[in-house]
Amino acid sequence: MLNKNEFALNLLEWYHNNKRDLPWRRTNDPYKIWLSEVMLQQTQVQTVIPYYNKFTTKYPTLDDLANAEEQDILKDWEGLGYYNRIRNLHLAVKEVQSSYDSIVPNEPEPFLALKGVGPYIGGAVQSIAFNHRIAAVDGNVLRVMARLNVDDRDISKQSTVRSVKLFVETIIPLESGDFNQALMELGATVCTPRIPKCVTCPVQSHCESFKSNSVLLYPKSTKSKKKTELYFNVFLILNNKDEIYMFKNDKNLLKGMYKFPKYDIDTSIDTIEEALNLKLSQLKEPIAEEKHVFTHQVWYMNVYLLYTNSESQHFVKISEVNEYPISVAMQKVFKHLH
DNA sequence: AATACGTGGAT
DNA sequence: TATCCAAGTAT
């Protein structure tokens with residue numbers, strides 16, 4: 001059974017002595033803490049840092065972000081992935097602006113009701129910014145707690161995450177924000193997935209899996225499923241005015257990001273001409289092939305270059321393409337025009 | 001409950 | 001190269 005008081009003391013002492021100087025640890029602004037937590041979802045610290053600095057410079061207050069155009073903030077988010085995160089945060093700060101006088105709610109219930117705020121963000125922001133004693137259970141915390149308690153439950157199940165959250169809330173001390181961050185920091189730097197540094201672990205004496213030499217057996221998790229492989233033709237369509245056909249994606253995947261016409265490989269050129277209302281040049285060999293891997297899909301793309309004399313509102317100056325938010329997959333395609 | 005949702009780092 | 005997985009949320 002975990003000695004809760006001693007565990008918390010050991011962990012917090014280690015955290016304070018080894019605290020990394022991360023940009024979002026220099027602020028008490030709930031908006032900036034919230035922004036950092038949204039960016040950090042499923043994203044490594046080193047990836048987030050430049051984006052966090054860009055956003056806090058360009059949108060230093062909640063109102064700045066709320067008043068921005070969605071396309072502009074998507075452009076600034078470009079390359080960070082999971083684009084619904086910033087679209088939801090935009091909706092959420094607009095809600096805070098209109099309903100809460102631009103003040104981030106300092107109570108869990110209204111905060112958790114905002115778009116994109118789930119159990120993790122709710123606990124992280126309410127504990128770090130407002131010192132509420134709510135757990136923030138991420139992948140790090142799940143791994144640390146599974147090893148501490150030789151917990152055989154599957155951490156990929158929501159029921160396990162809910163249960164771990166309740167458990168952490170039975171051991172969380174008054175310094176709840178620091179405690180939550182310390183638990184995550186321990187998982188990120190010491191209690192790592194493959195080669196945990198148990199020798200230097202500040203809570204080694206509390207760890208049941210260390211005692212039984214079974215650290216690497218935890219956490220238990222069902223293995224990821226196979227990705228769907230998809231084959232597309234993507235068309236770079238140029239007119240005689242140095243413009244290219246490009247439009248905003250309204251599907252769920254990469255919603256709001258701009259794309260070039262992309263069709264299953266068996267789609268006929270006639271169908272495409274009809275869909276785009278363009279008369280296209282003869283289809284030749286692809287100028288390139290690209291592969292792009294998502295969490296759940298792999299795209300194999302043939303890149304074609306086509307010309308047209310037709311008019312359309314979807315043409316954009318080639319020199320201005322980079323002003324639009326474009327996914328990495330489509331950037332891989334576009335680079336072959338140069 | 002199970003799956004969709006991006007991208008890049010590490011091994 | 002293949003695989004895991006990283007401060008998760010919405011549906």
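Sequence lines set the chain letters: A, B, ... in the order given, protein chains first and strands last, and positions in each chain run from 1.
Gln41(A) approaches Arg85(A) most closely through the heavy-atom pair O-NH1, 2.9 Å.
Across the protein-nucleic acid pair, Ile121(A) atom CD1 and dA10(C) atom C1' stand 13 Å apart, rounded to whole Å. Remark: P of dA10(C) and CG of Leu253(A) are 18 Å apart, rounded to the nearest angstrom.
For dA10(B) and dA7(C), the P atoms lie 12 Å apart once the distance is rounded to whole Å. Look at the C1' atom in both dC5(C) and dG6(B): the space between them is 13 Å, to the nearest Å.
At a cut-off of 3.5 angstrom, the base of dG8(C) holds no donor-acceptor pair with the side chain of Tyr120(A). Within 3.5 Å, a donor on the side chain of Thr43(A) pairs with an acceptor on the base of dG6(B), or the reverse.
Proximity note for Lys291(A) (side chain, C-beta onward) versus dC5(B), dA2(C), dA2(B): the nearest is dA2(C). Closest contact between the side chain of Asn88(A) and the listed nucleotides dA10(C), dA10(B), dA7(C) involves dA10(C). Candidate nucleotides dC5(B), dA6(C), dT7(B) were compared by shortest atom distance to the side chain of Asn252(A), and dC5(B) ranks first. Minimum atom distance to the side chain of Arg194(A) is reached by dT11(B), of the listed dT11(B), dT11(C), dA7(C).
Using a distance-only test at 3.5 Å, with no hydrogens or angles considered, a donor-acceptor pair links the side chain of His90(A) to the main chain of Leu65(A).
Ionic pairing of Glu290(A) and Lys335(A) is present here: one or more N-O contacts between side-chain nitrogen and carboxylate oxygen are shorter than 4.0 angstrom. Ion pairing between Glu323(A) and Lys75(A) fails under the 4.0 Å rule for side-chain N and carboxylate O.
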